[in-house]
Amino acid sequence: MKKIRLLLVDDEKDFLTAYSRRFIRRNAEVTIASSGPEALDRIGETDFDVVILDVMMPEMNGIETLRRIKAAAPDLPVIILTGHADHKTLIQGMDMGAFDFLLKPVGTDELFFKVMDAVKSRSRTRS
């Protein structure tokens, strides 16, 4: 099975460390970014299969980061992950083309299955 190229974006170092390890064990090739601008740089360097993106980040929030990701890579699936959800943010994210929206804390299995759904969805639209 081909490794999933995953970009994990969050300003919480503990979250990045824990979920990177968990996804590497599930045969993913994980790249981390701790800010929106860093995520955009990584997307310019690598063809990822999916992005997991936090909403609440300093410098550039997840919604603005999502807008810029979709401008640069429209078919790249982005899963929004947040612990501070409100309806306005949810609607904005989905209107901008987020693949899905999950609330923290989220179980590793639930997040992994969502990643697999996103990768399969992208594969179907590319073939």
Side-chain angles (χ1 to χ4, degrees):
M1 181 177 164
K2 181 185 162 211
K3 284 190 173 189
I4 296 168
R5 291 164 299 184
L6 168 67
L7 177 61
L8 190 55
V9 186
D10 200 305
D11 63 324
E12 295 178 34
K13 187 176 178 180
D14 291 344
F15 177 87
L16 292 174
T17 301
Y19 278 85
S20 291
R21 289 180 184 155
R22 293 171 187 172
F23 279 103
I24 288 169
R25 279 186 284 217
R26 286 172 169 80
N27 200 32
E29 183 179 306
V30 179
T31 300
I32 60 172
S34 58
S35 69
E38 187 180 347
L40 294 168
D41 288 345
R42 299 292 172 265
I43 288 168
E45 299 164 353
T46 303
D47 183 25
F48 291 102
D49 296 311
V50 62
V51 176
I52 298 173
L53 177 65
D54 186 28
V55 172
M56 298 295 287
M57 295 186 293
E59 194 175 346
M60 180 189 300
N61 70 35
I63 296 300
E64 178 60 20
T65 304
L66 172 64
R67 188 184 68 74
R68 293 185 189 198
I69 289 171
K70 288 300 180 181
D75 70 332
L76 178 59
V78 178
I79 299 168
I80 300 288
L81 191 59
T82 185
H84 309 279
D86 62 57
H87 286 96
K88 182 180 173 190
T89 304
L90 171 69
I91 291 168
Q92 273 184 309
M94 298 310 285
D95 283 349
M96 287 184 191
F99 179 77
D100 210 337
F101 202 105
L102 295 173
L103 297 176
K104 290 182 181 177
V106 62
T108 306
D109 287 341
E110 181 182 1
L111 187 54
F112 183 72
F113 291 135
K114 192 60 67 179
V115 165
M116 295 301 292
D117 287 347
V119 171
K120 288 176 187 171
S121 175
R122 186 181 196 198
S123 294
R124 282 192 297 267
T125 59
R126 284 185 156 186
S127 59

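Keep in mind that the numbers below use all heavy atoms, side chains included, and drop hydrogens, waters and symmetry copies.
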Item to complete: Kindly determine whether E29 and I4 satisfy side-chain contact (heavy atoms from CB on, under 4.5 Å), including the steps that lead there.
Response: CA-CA 6 Å; E29 183 179 306; I4 296 168; over 6 Å; no
Under 4.5 Å between side-chain heavy atoms, counting indirect links through other Ile/Leu/Val/Met/Phe/Trp/Tyr residues: same cluster for [X] and [Y] or not?
X   : Y    : value
V30 : V119 : yes
I32 : L66  : no
L16 : V9   : no
L6  : F99  : yes
V78 : M57  : yes

Discussion item. Just by distance, no angles: are the side chains of D86 and T89 close enough, under 3.5 Å, to form a donor-acceptor pair?
Written reply: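 Judged by distance alone, the side chains do pair up.
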Worksheet item: Does the side chain of T31 pick up a donor-acceptor pair with the side chain of R42 at under 3.5 Å?
Response: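 Judged by distance alone, the side chains do not pair up.
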Which value, rounded to the nearest 0.5 Å, describes the distance between [X] atom [atom1] and [Y] atom [atom2]?
X    : Y    : atom1 : atom2 : value
S34  : F15  : OG    : CZ    : 13.0 Å
F113 : T108 : CZ    : OG1   : 11.0 Å
M56  : K104 : CE    : NZ    : 10.5 Å
S121 : M116 : OG    : CE    : 12.5 Å
L53  : L81  : CG    : CG    : 9.0 Å
L90  : H87  : CG    : NE2   : 7.0 Å

Which pair of heavy atoms, one from [X] and one from [Y], lies closest together, and at what distance?
X    : Y    : result
F101 : T82  : CE2-CG2, 3.4 Å
A118 : V50  : CB-CG2, 3.8 Å
V106 : E110 : CG2-OE1, 3.5 Å
P77  : R122 : CD-CD, 3.5 Å
T65  : G36  : OG1-CA, 3.3 Å

Worksheet item: Counting only heavy atoms not in Q92, do more than 12 sit closer than 6.0 Å to its CD atom?
Response: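 More than 12 heavy atoms, drawn from other residues, nucleotides or ligands, come within 6.0 Å of this atom.
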Discussion item. So, applying salt bridge (Lys or Arg N to Asp or Glu O under 4.0 Å) with D49, which one of R5, K120, K3 is it?
Written reply: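 It is R5; the other options fail the test.
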Worksheet item: Do I80 and D100 have side chains that get closer than 4.5 Å, going by heavy atoms?
Response: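 Result no, sub-4.5 Å side-chain heavy-atom pair not found.
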Discussion item. Side chains of E59 and P37, heavy atoms from C-beta outward: is any pair under 4.5 Å?
Written reply: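 Yes - at least one pair of side-chain heavy atoms lies under 4.5 Å apart.
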Discussion item. Checking the side chain of R67 only, and the main-chain atoms of M96 only, is there a donor and an acceptor separated by less than 3.5 Å?
Written reply: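 Looks like no, no N/O pair under 3.5 Å.
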Worksheet item: When you look at I79 and V51, which way does the side-chain contact (heavy atoms from CB on, under 4.5 Å) test go after all the steps?
Response: CA-CA 6 Å; I79 299 168; V51 176; over 6 Å; no
Worksheet entry | NZ/NE/NH1/NH2 to OD/OE distance under 4.0 Å, R68 and E64 |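 Looking at R68 and E64, the cut-off is met.
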Worksheet item: Under 4.0 Å between a Lys/Arg side-chain N and an Asp/Glu carboxylate O for D109 and R26?
Response: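 Yes, charged N to carboxylate O under 4.0 Å.
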Discussion item. Between F23 and V115, does the side-chain contact (heavy atoms from CB on, under 4.5 Å) criterion hold? Intermediate values first, please.
Written reply: CA-CA 10 Å; F23 279 103; V115 165; 4.2 Å; yes
